[in-house]
Amino acid sequence: MRKIALAVLLVFLGQNPLFAQEQREILQSERHADWSSFVLFPAFEESYVRAATLSLPERLVDYVDSSFFIESYAGECGRYYLTLFMSNQCFPGIRDGDYVDAALRVDGGSIYELRATVSVLKTGLFFRLRFSDGHDGSAWLDEFMAGSVMRLRIGGGAETYYSKYSLRGSTAALKRVDRLCGSLRR
């Protein structure tokens with residue numbers, strides 16, 4: 001079921017007209033257990049590489065379906081950008097450019113505080129995640145590469161949502177992102 005859902009996500013991102021400004025096509029897609037890696041060729045910017053996964057199903061009410069991306073851009077290989085995509089029904093009234101607090105935790109490791117910038121689309125919300133408190137994300141990345149499950153909390157108060165992601169295949173996907181990124185043109 002997760003394979004079908006990820007395939008649908010890849011097709012959606014590659015062919016949905018709402019994303020026409022962001023990208024033209026997905027190339028060199030490869031599956032890595034619960035993760036995938038692929039190259040995106042956007043319409044107006046340089047190419048970039050993305051590792052992606054879908055949230056694990058949970059029986060709890062406050063868990064939401066979402067997609068988690070790790071991106072690396074041409075000319076910035078080795079620097080990773082974290083992005084979350086989720087339903088726009090989760091945050092009624094949120095506006096483009098708003099900020100939301102978030103936190104990441106791998107297995108039972110450290111909790112990393114983040115700040116997310118929101119992009120609102122008709123199909124959902126994109127959150128660009130940035131580490132707070134002067135962290136560059138390298139300690140989180142070490143835990144991510146060695147971990148088995150990652151949890152994410154986003155929002156606050158009554159509008160707090162949780163996602164859980166398998167890290168099975170994430171190391172292979174991220175290593176492939178690094179390899180592919182080196183071959184991209186700016």
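In this text, all values refer to a predicted model and were calculated from it rather than measured experimentally.
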_My understanding is that only residues two or more places apart in sequence, or in another chain, count here; which of them pass salt bridge (charged side-chain N to carboxylate O under 4.0 Å, His left out) with Glu159?_
none
*Could you note down all residue pairs passing salt bridge (charged side-chain N to carboxylate O under 4.0 Å, His left out) where residues 104-114 supplies at least one of them, sequence neighbours left out?*
Glu113-Arg153
*Listed partners of Phe68 passing ring-ring contact (aromatic ring centres under 6.0 Å, His included), at least two apart*: Tyr165
_Residues which pass salt bridge (charged side-chain N to carboxylate O under 4.0 Å, His left out) with Asp98, listed by chain and number, not counting sequence neighbours_ = Arg95
*Residues forming a side chain to side chain contact (heavy atoms under 4.5 Å, CB included) with Arg176, sequence neighbours excluded*: Gln28, Glu30, His32, Ser37, Arg179, Leu180
*side chain to side chain donor-acceptor pair (under 3.5 Å) partners for Tyr99, two or more places apart*: none
*asked:* Looking only at the aromatic ring of each residue, does the gap between the centers of Phe69 and Phe85 stay below 6.0 angstrom?
replied: no
*Are any non-hydrogen side-chain atoms of Thr83 and Phe127 less than 4.5 angstrom apart?*
no
*Please identify each residue that fulfils side chain to side chain contact (heavy atoms under 4.5 Å, CB included) with Leu141, with sequence neighbours left out.*
Tyr80, Phe144, Met145, Leu174
*Applying salt bridge (charged side-chain N to carboxylate O under 4.0 Å, His left out), which residue pairs with at least one partner in residues 137-147 are found, sequence neighbours left out?*
none
*What class does the angle between the rings of Trp140 and Phe131 fall in, given that below 30° is parallel, 30 to 60° is tilted and above 60° is perpendicular?*
tilted
*Under the side chain to side chain contact (heavy atoms under 4.5 Å, CB included) test, which residues partner Asp101, sequence neighbours left out?*
Arg115
*asked:* Using every non-hydrogen atom in the two residues, find where Ser166 and Trp35 come nearest and quote the distance to one decimal.
replied: O-NE1, 2.8 Å
